[in-house]
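A short worksheet on the structure shown next.
Throughout, numbering of the chain's residues begins at 1 and tracks the sequence.
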Amino acid sequence: MSADPAQPRPEKDPKQDSVQDPVQDPRPDSGPHAAAQFSTAAGSRVRTGEDGSIDVLASVGGVRGLVESSLPAAAFLIAFLVTEDLMTALIISVAIGVGFAVLRLVQKGSLMQSLAGLAGILICALVAYRTGDARDFYAWGFLINAGYLLAFLVSILVKWPFLGLLFGIVRGEGLDWRRDPVRRRRYSLATWLLLAVPALRLIIQVPLYLADDVAGLGTARLVMGIPLYALALWVGWLISRPAQSPLELSAEKPAAEPDQDERG
């Protein structure tokens, strides 16, 4: 008899669980959760120095990253200007990109950056090969920059500025900066600055493309590549830094405690 009253209890638990399931459903938090995942992935690529400042060179892949990203395009430009043969320039550029990827594979290093760069080179080479026009080697870059520009702009308009997601995880803020209007405005301003990079690229390079100035277009692409992005990243870090860093706060506390003791 004592066991019978206990039997309905398991029948009530599933009902209770079914009522609680919608509350535990992560879908209402899917937006912030996705943003947090993105900021963690993006922030893992940003490097900081011992003093807490951003290490721009390391964040863009170091000297090796600069070489791997710029040398194939520079080789294409030089080879085309010297030989005036599109196929030769394309072969040299692609061969250099493949060489970098193979070298990383042999060294058992990360292939992400090299493979991404190689994929970009292959797309540029394919477009130029199909049209037979050397300036089309740079046409794919216009679409990439337009995509970045649009993404940065949307992130600002929806009040999830890109650099807030990027720097928030590095500074240990997570997504808490969104609750502070001042912090959010600073990250929006920094993202506007970063948005200016693809905007300037399009403003300067599209007229060179239309003028069929391959030398000028190739040079502008190299000058306005990673160095310009790194500069915007560094200035954006300075603009968006908190009013008081944790180091400054910790430095003030020991100074304030003796004063209180003296007054006592």
* Minimum side-chain heavy-atom gap Asn145-Leu149 below 4.5 Å -> no

* Can you tell me how far the CD1 atom of Ile78 sits from the CD1 atom of Ile92, to the nearest 0.5 Å? -> 9.5 Å

* To do: For atom OH of Tyr148, decide whether the heavy atoms of other residues, nucleotides or ligands shown that lie under 6.0 angstrom number more than 12.
  => no

* Asked: Got a second to check how far Asp85's CG is from Phe80's CZ, nearest 0.5 Å?
  -> 8.5 Å

* Please report the shortest heavy-atom distance between Pro72 and Ile121, naming the atom on each side. => CB-CD1, 3.2 Å

* Any side-chain heavy atom of Leu233 within less than 4.5 Å of one from Phe167? -> yes

* ILVMFWY cluster, Trp237 and Trp234 together (side-chain gap under 4.5 Å) -> yes

* Report yes or no: do Ile203 and Phe152 belong to one cluster of Ile/Leu/Val/Met/Phe/Trp/Tyr joined by side chain heavy-atom distances under 4.5 Å? => no

* Within the side chain of Ser93, is there an N or O that forms a donor-acceptor pair under 3.5 Å with the backbone of Leu90? -> no

* When rounded to the nearest 0.5 angstrom, what is the spacing between CZ in Phe76 and CG in Leu81? -> 9.0 Å

* **Side-chain donor/acceptor of Thr131 to backbone N/O of Val127, under 3.5 Å** => yes

* Sub-4.5 Å side-chain heavy-atom contact between Leu103 and Glu68 -> no

* Could you list the residues that satisfy salt bridge (Lys or Arg N to Asp or Glu O under 4.0 Å) with Asp213, not counting sequence neighbours? => none

* Going only through I, L, V, M, F, W and Y residues with side-chain contacts under 4.5 Å, is there a path from Leu238 to Leu165? -> yes

* Spell out, as yes or no, whether a donor-acceptor pair under 3.5 Å connects the side chain of Ser155 to the backbone of Pro161. => no

* To do: Run the numbers on Val94 and Val98 for side-chain contact (heavy atoms from CB on, under 4.5 Å), then give the verdict.
  => CA-CA 6 Å; Val94 172; Val98 172; 4.1 Å; yes

* Are Arg178 and Trp160 close enough that some pair of their side-chain heavy atoms sits under 4.5 Å apart? -> yes

* **Distance (rounded to the nearest 0.5 Å) between Leu222 CG and Leu228 CG** => 12.5 Å

* Which heavy-atom pair separates Ala190 from Ile239 by the least distance, and what is that distance? -> N-CG2, 4.4 Å

* To do: Tell me, please, whether Tyr187 has Arg185 positioned over its six-membered ring: NZ or CZ under 6.0 Å from the ring centre and within 45 degrees of its axis?
  => no

* Asked: Are Val82 and Leu86 connected in a single hydrophobic cluster, I mean Ile/Leu/Val/Met/Phe/Trp/Tyr linked by side-chain heavy atoms less than 4.5 Å apart?
  -> no

* To do: Rounded to the nearest 0.5 Å, what's the gap from CG on Leu195 to CG on Leu153? Could you check?
  => 6.0 Å

* Any sub-3.5 Å donor-acceptor pair from Arg135's side-chain atoms to Val214's backbone N or O? -> no

* Asked: Given side chains that start at C-beta, do those of Val223 and Thr219 come closer than 4.5 Å, heavy atoms only?
  -> yes

* Asked: So, the side chain of Arg221 versus the backbone of Tyr138: is there a donor-acceptor pair under 3.5 Å, distance only?
  -> yes

* Quickly, which of Arg184, Arg241, Arg183, Arg186 forms a salt bridge (Lys or Arg N to Asp or Glu O under 4.0 Å) with Glu173? Name it, please. => Arg183

* Taking the side chain as C-beta and beyond, is there a heavy-atom pair between Phe100 and Leu118 under 4.5 Å? -> no

* Structure fact -> Separation between OG (Ser188) and CG (Leu193), nearest 0.5 Å, reads 12.5 Å

* Asked: Any link between Leu231 and Val63 through a network of hydrophobic side chains (Ile, Leu, Val, Met, Phe, Trp, Tyr) touching at under 4.5 Å?
  -> yes

* Between Ser240 and Trp177, is any pair of side-chain heavy atoms under 4.5 Å apart? -> no

* Asked: Given Tyr129 and Asp136, is the side chain to side chain donor-acceptor pair (under 3.5 Å) satisfied, shown in steps?
  -> CA-CA 9 Å; Tyr129 173 75; Asp136 284 336; over 6 Å; no

* Structure fact -> For Pro242 and Arg171, the nearest pair of non-hydrogen atoms, with its separation, is CD-NE, 4.0 Å

